[in-house]
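Written out below as structure tokens is the structure these notes cover.
Chain letters run A, B, ... following the sequence lines, proteins first, then strands; residues in each count from 1. Since we're looking at a predicted model, the values are computed, not measured.
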Amino acid sequence: MIALFHSKMLNMKNKIILFAIYATILAGCSADLLEKQPNDRYTEDTYWTSEKTAMAALSGCYNILRADGTFGGDATPLWEETATPNAYNYDNSMGYNLIALGTHTAMNSSIINNRYPDCYRGIGRCNTLLARIDAVPMNESLKERAKAEAKFLRALYYHLLQSYYGDVPLITEEPDLEKHGRLPRTDRALVVQQILTDLEDAAAVLPEKYPAADRGRATKGAALALKARVLLFEASPLVNPDNNVAKWEAAAAAAKAVIDMAGSAGYGLFEDYRALFLPANENSKECIFDVQFKAPEQGSSFDLINRQYNTNAPLKDLINAYEMKDGLPYTTSPMYDPAEPYKDRDPRMYQTIVYPGDTYMGAVTTPTAPFKITGYGVKKYSIYDKEPNTKILNGGQSEINYMVIRYADVLLMYAEAQNEVAGPDASVYNAINAVRARAGMPDIPVGKTKDEMREIIRHERRIEFAMEGFYYTDIRRWKIAEQVMNGVIYDSQDQPIVTRSFDPARDYWWPIPQGERDLNPELTQNLNY
Amino acid sequence: MLRFLKNIACCWLLAAIPAITQAQQKISGKVTGSSDNQPVAGASVTIKGTNRGTRTDNNGVFTIDAANGTTIVISAVGYTTIERVVGTDDFSNIELQVAESDLNEVVVVGYGTKKKASLTGALSVLDMKERENRPITNASQALHGVAGLWVNQAGGKPGQDVAAIKIRGIGTLNNSNPLVLVDGIEYNMNEINPATIESITVLKDAAAAIYGSRAANGVILVTTKGGQKGRMKVDYSFSHGIQQVTYLPDVVWDPIQYMQMKVQALKNEGKTAVDYSEAQIEEYRNGMLTDPYTYPNINWFDLVTKNGYLQQHNLRFSGGTDKITFSMALGFMDQDGILIANNHARRYQMDLNLTAQVSNRLKVGGSIKGNYREYTENAHGTSYFFNRFHRVLPIFTPYLADGRYGNVVFPTPGRNAVENLMMLLKEGSNYHVAQRALLTVFGEYKLPFNITYHAKLGVDKIDGVARQFVPYLTTYNPKTEVPYYYNNNPYSYNYDNNDLNISFYHTLNWQKDLGLHNLSAMVGSSYTDFDNSQFDARIYGYFDNTLTDLNAGSRDMAVTGSRTEDVLISYFSRLGYEYDGKYLLDVTFRYDGSARFARGHQWGFFPAVSAGWRIDKEGFFDNVKNVDLLKLRASWGKMGNQAVPLYSYLNAVNLGLDYSFNNVISAGAAVTDYSDPLISWETTTSYNAGVDAELWNGKLGASVDVFKRRTTDILRPVQIPSQVGDLNGPDRNVGTVDNTGFELVLSHRNRIGELTYEFSGQVTYVKNKVVDLNGERIISSRRITQEGYPIDSYYLLEAIGIYQDQDEIDNSATVSNNVRPGYLRYKDQNKDGKINGDDRIITGSSIPDFMFGFSLNFGYKGISLNTFWQGVQGVDIYPTANLAFPFNNGAGVTKEWITDSWTPERRNAPLPILTTATGATENFQQSTFWLQDASYLRLKNIQLKYDLPTKWVEKFAKSMSVFVNGANLFTISKFKKFDPEKDIKNDNLYEYPSLKTYSFGLNVNF
């Protein structure tokens, strides 16, 4: 081309034309022309430069709390209850019904397939923040607090992983495919150790309370309460087959640490059990750590599921578990009247469940309407109650926050652990009675044995936390799932619905999702999957 | 005196008469072909300027009455037309010269043209005249049946019925679409009015290499009609067609039967609680007789579909003088789809083309291609609608007696939001408009020494707008009239996209003949800049459904938007050499720089060589008669594919991962994708060898090509284990894929007396194989890509029958503890006693083995009958979800489950026991049982056309023809649930159906 241009064969006029054209082209051909940066996102090199961006990265770590596999999606925590004798999920939302039936595999259940990657996404973001934030020029104490929040979240995500899947790869560095892609599963005990270290580090730095604008961030109480939950799991029969009492002691001490700081942190039992779960009372004194939902952009479908889809339909077995107002089970209490089986029960039943003959949304309910599946519906975590309510939900989304840990849980965790350590002493009674008193139920009579108290506490957990999604982990760690999840389930008319089964050799732990094992062949599978 | 005058008058008259009836002689003659001295039968012998004429017989002899001095015109297929004058020329042996016009035909190739006889690459040329009058709405549909192409048009949705095109298999795991250039500028061929296309050239092998980094998937060159020197021409064409759905699933519409089957299905899978009680079914049975509103008995598919129509008008003015040629075409298309509301499309097009020879040396020209296209769809969008379309139940009520929308009398578990299809179709609005204008300007200057400079600038401006309003939607229970608020939160959504693409290229061409040697050279460079921007806005808070503008909303505004820029710089050159028209050589080079890769990895070099040998021109071939062309050719070339998403090499931190504190949104950000800064082009190396032959003056044509395309450094998003922060895997240059195969094209035409017939057919075979994938496997749900197998093969459990009794179940590998007689049985490949992911096998194919098409055309006097058949063979489809499976997630069921499902009485049934798909997941796992063969042979088009005789039309037009046409009328395929030409990768039936069209119309040339 150039040669041609210089050739004497061309006359002046042609040369000028050619030159003009080539000049424009060549001038434009600088390498810069091919350098294009995106205008709608940062690159990792340009990102970690200010307090604003660092705090946004921290919000990105919190963002995973609302994922399908953790506590968000449509109603994942509500559906977790359907893998227990408390509720039935006819629709198999998120694959929980397969787990309830015992027919889940490494491939066919959504929640099993989603919890694993969602948790690692959260862990990856926390690890990245912890690795990069030191370089950011910002207020030092804010930086330390942000790191502590990230450690709390990382611990929470690892706790979800280890308490469901068992051994999982332990990674605490920024995601690196070369280093981490082929890591095998780490021993669960080591994962737990990391969790406890993270929580202790976090608790040392996190404040007890936040100003209103920061409500929802992890607090010192949250870190200590989560630590108690982790230790309680460690002490439970599923992973503590020899019943090592030291583990129960550690759990009791951790729970007590939260009870001791309740005064300064402002923790207590909210007076109204029903109102506790309404949007007006979000972030109340009972809430230790919750997942923040905001309608419509960041809402959940709790109201829709409870009121209409009824995919977490309560079962007769749960109703039967509610004591009568006098503190006795319906089988022995003189207050029970078979003609009016729902009368005079534990007040919490009326505040959690809608039963046939109840008034709901301004109409009297029957065994088939509006709740057709079992005859029962759920009120907890929903704005709908007796009155007719045509309130238009913002975008169909619910805004109620989901409490991951609340103060009643801390009290019952303490009671459970302390009972195993020293039998039912005064502190145990105080703890459980406080919960019962708030509910309007009589105190537990004195003189119970350790074994009796154990049953009482387990029963109290089932009732207090009914339909909140905690019972599944409880029946697994107590190793009673093989009894309570094997057999027929019944609706309000005592009609059988389906027969469930639970294989104790396999079903106490979830399988590593097949997709993960396809990508990383170093991952072994849990027994019998 | 009077007698004298009468005599003069008589003489005068007498003298005049001979002028009219001069002595007519009987002229006879014989016509032979000059090359072989054989008689030419069926040659047309006409008197010039009249319609009188005759034809030569089998001996080449004709007889005609003509006076001295009249000119006789003799013409025949494959020969040059000649004239002879009666009384002056010899008629006893009229020799016709073989017309080489076919071989001298000029074909558009990359950055230039070549004579067809000199081509050394594998090209398919499509003359659009062959596709005339077909009810095609965009140009991609015209490519059905072109050798080497797999054209898949999934669905006939008005305004969005573009076909997907793959040339010679699928060479990559990424964007495998070919590059399309219109008159040299990159453009979307579907925005061109098909009536303005002159021809389409498809570059399949190394011939495409001159387009370098975007040529790996083949290149399609579209040439639009320009003006021609000569008289002014006005052409008008019109067609109107009725469109109907080809296939829809055969659903059980009888409500009683549906309810009974659902109950049976639930019982079969072990449920004790069923959806409809006996009492309810009885109530419905009685209610159907008296109250059709509460207890409807209708076919919902029939209710919401209708016949559509497609009407097209095209008017073209063209002409030219020695200096200036022009062409102006106007087009209008109006299409109403097969849904009863809200699926209408209109298109207005204008094409203006002008070239002017300004001086001896300078030629300039310009064109404007303008396209305005608008279409509507239902408020929520087509895929949302078709998902619900396949979920409708026979017991759903369309309307209450007073006209309000109904839902359903018996609540069905799993169906809480009852989707009333009438409401979803009719309410709200969703309007799209796209306007696009391509303006081009070119200049050509003849420099001395046979050098020509050509420069072209193209500016492509795209503007698209969408306006959507999703309204308040309420349905009422037909019995209790309780309202259900299907949508209580109306919103308005507006979308705008705005692109400006500028292309510029210029070339210098040089040609020289030195004796028997012919040399040519071309150098050039090009610069392309794609500037795309888009934004959208959404707002909620409307009081009612009357106002739909964004301004009428009141809360929860959401806005997004972004702008991207992409640049491509290239230098290229071509060298050609011909010796005596016998030995042909063509070499091209291309050097491309792309903005999609990091500095240091942006440039790529793509060379190509092709050669040809005209055996028919060799001395030793002189004695071989009847062979007009016999050419051997071979080519080799490297081409690239840079179609990876922009900015893939940067580790980006994404925004929008928000949380909230104290009910206030807090912006969140995180890295979500792992990226590899080292990525660069994919390279395809293409080998091709072919033979072209033409015999008997064009009566028989054949072409065979054997090819291999090896794509290396395939950019693929590697899925990485979730433990690495659950990041989306990076795109990496890993992987090699081969596409090998052959193409065979045959054509034959002949005339027997007045009857002409023509057959042309093509078959392409492509074998796709992944050669190297770094030892890894890409598994995504039911497909796998692995070394040794084709891309996207299926990865499924092998189903080996149906369990007949409990013993069989107990004695075979465990699927789950809920398996009953009538369930599917799978093969335990690894014999470990469990059926799980390790028992999957690689089977089936998402890419067809054979693609074929053929046309049979007949002509008799003015009537012509053209048929075109097309099909593929060796491709499998895996339809799942609603209606492909029974009672999937609360949806309905199709009729074969009534008669073909296993029962204890019907043990040899082909289908397992009737259950719901969501309840008995054991039977609906990824398995070979549900893999279906989607091969088909289809009568794609049949047309009967009549060219009106000249004498009927000569008063107002030069020529006119009328036609009736049928498209997609008849299909042979094993797959019956839906049209087999659906999107293979889409594993459900939620698509706008494919359509068959009955149309008629006319063409007039003034």
Output the option from [options] having the highest count of non-hydrogen pairs under 4.5 Å with chain B.
options	value
A:G124, A:P496, A:P370, A:G216	A:P496
A:E399, A:Q514, A:K52	A:Q514
A:H104, A:E173, A:H180	A:H180

Does [X] reach the main-chain N or O of [Y] with its side chain, forming a donor-acceptor pair under 3.5 Å?
X	Y	result
A:T43	B:A652	no
B:D726	A:Y120	no
A:K372	B:D275	yes
A:N63	B:D658	yes

Measure [X] against the heavy atoms of chain A and call it side chain, backbone, both or neither at under 4.5 Å.
X	answer
B:R596	neither
B:I720	both
B:S573	neither
B:R361	neither
B:A598	neither

Could you report the tightest heavy-atom contact between [X] and [Y], atom names first, then the distance?
X	Y	answer
A:D518	B:R840	OD2-NH2, 3.1 Å
A:V498	B:G270	CG2-O, 4.3 Å
B:N889	A:D91	OD1-OD1, 3.5 Å
A:N108	B:T921	ND2-OG1, 4.3 Å
B:V724	A:P175	CG1-CB, 3.8 Å
B:S722	A:P117	OG-CB, 3.3 Å

Pair A:Y62 + B:F661: ring centers closer than 6.0 Å: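 Yes: the rings meet the under 6.0 Å criterion.
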
Residue [X] versus chain B: region with a heavy atom under 4.5 Å:
X	result
A:L523	side chain
A:Q495	neither
A:L161	neither
A:Y88	side chain
A:P169	side chain
A:D503	neither
A:A106	neither
A:Y90	side chain
A:L98	side chain
A:R66	side chain
A:F293	backbone
A:E516	side chain
A:S501	side chain
A:E174	neither

Option that, when pairs with chain A are counted at under 4.5 Å, heavy atom only, ranks first among B:G890, B:S675, B:P411, B:A667: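 It is B:A667.
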
Chain A interface, residue from B:Q926, B:R563, B:K834 that has the most non-hydrogen pairs under 4.5 Å: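 So the answer, after comparing B:Q926, B:R563, B:K834, is B:K834.
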
Distance-only donor-acceptor check, side chains B:S660 and A:Q292, under 3.5 Å: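 No, no side-chain donor-acceptor pair sits under 3.5 Å.
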
Within 6.0 angstrom of A:Y42 OH, more than 12 heavy atoms from elsewhere: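 For A:Y42, atom OH is not crowded (no more than 12 foreign heavy atoms under 6.0 Å).
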
Once you round to the nearest 0.5 Å, how far does [atom1] of [X] lie from [atom2] of [Y]?
X	Y	atom1	atom2	answer
A:Q298	B:N663	CD	CG	9.5 Å
A:Q397	B:D556	CD	CG	11.0 Å
B:Y659	A:L65	OH	CG	4.5 Å
A:T53	B:L655	OG1	CG	10.0 Å
A:C61	B:L657	SG	CG	10.5 Å

Candidate pair B:Q723 and A:I123, rule side chain to side chain contact (heavy atoms under 4.5 Å, CB included), full reasoning: CA-CA 9 Å; B:Q723 63 205 52; A:I123 290 166; over 6 Å; no

Those residues that, when tested against B:N836, pass side-chain hydrogen bond (donor to acceptor under 3.5 Å, both in side chains) (two or more places apart):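 In terms of side-chain hydrogen bond (donor to acceptor under 3.5 Å, both in side chains), with neighbours along the sequence ignored, B:N836 is linked to no residue.
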
Within-4.5 Å side-chain heavy-atom neighbours: B:N662 and A:E282: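 With C-beta onward as the side chain, the pair stays apart.
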
From CA spacing to verdict: side chain to side chain contact (heavy atoms under 4.5 Å, CB included), A:Q308, B:Y484: CA-CA 11 Å; A:Q308 190 195 330; B:Y484 170 74; 3.2 Å; yes

B:I665/A:E297 under side chain to side chain contact (heavy atoms under 4.5 Å, CB included): CA gap, chis, key distance, verdict: CA-CA 9 Å; B:I665 303 262; A:E297 314 89 329; 4.0 Å; yes

Side chain to side chain contact (heavy atoms under 4.5 Å, CB included) evaluation trace for A:I497 with B:K271: CA-CA 6 Å; A:I497 302 175; B:K271 299 261 188 332; 5.8 Å; no

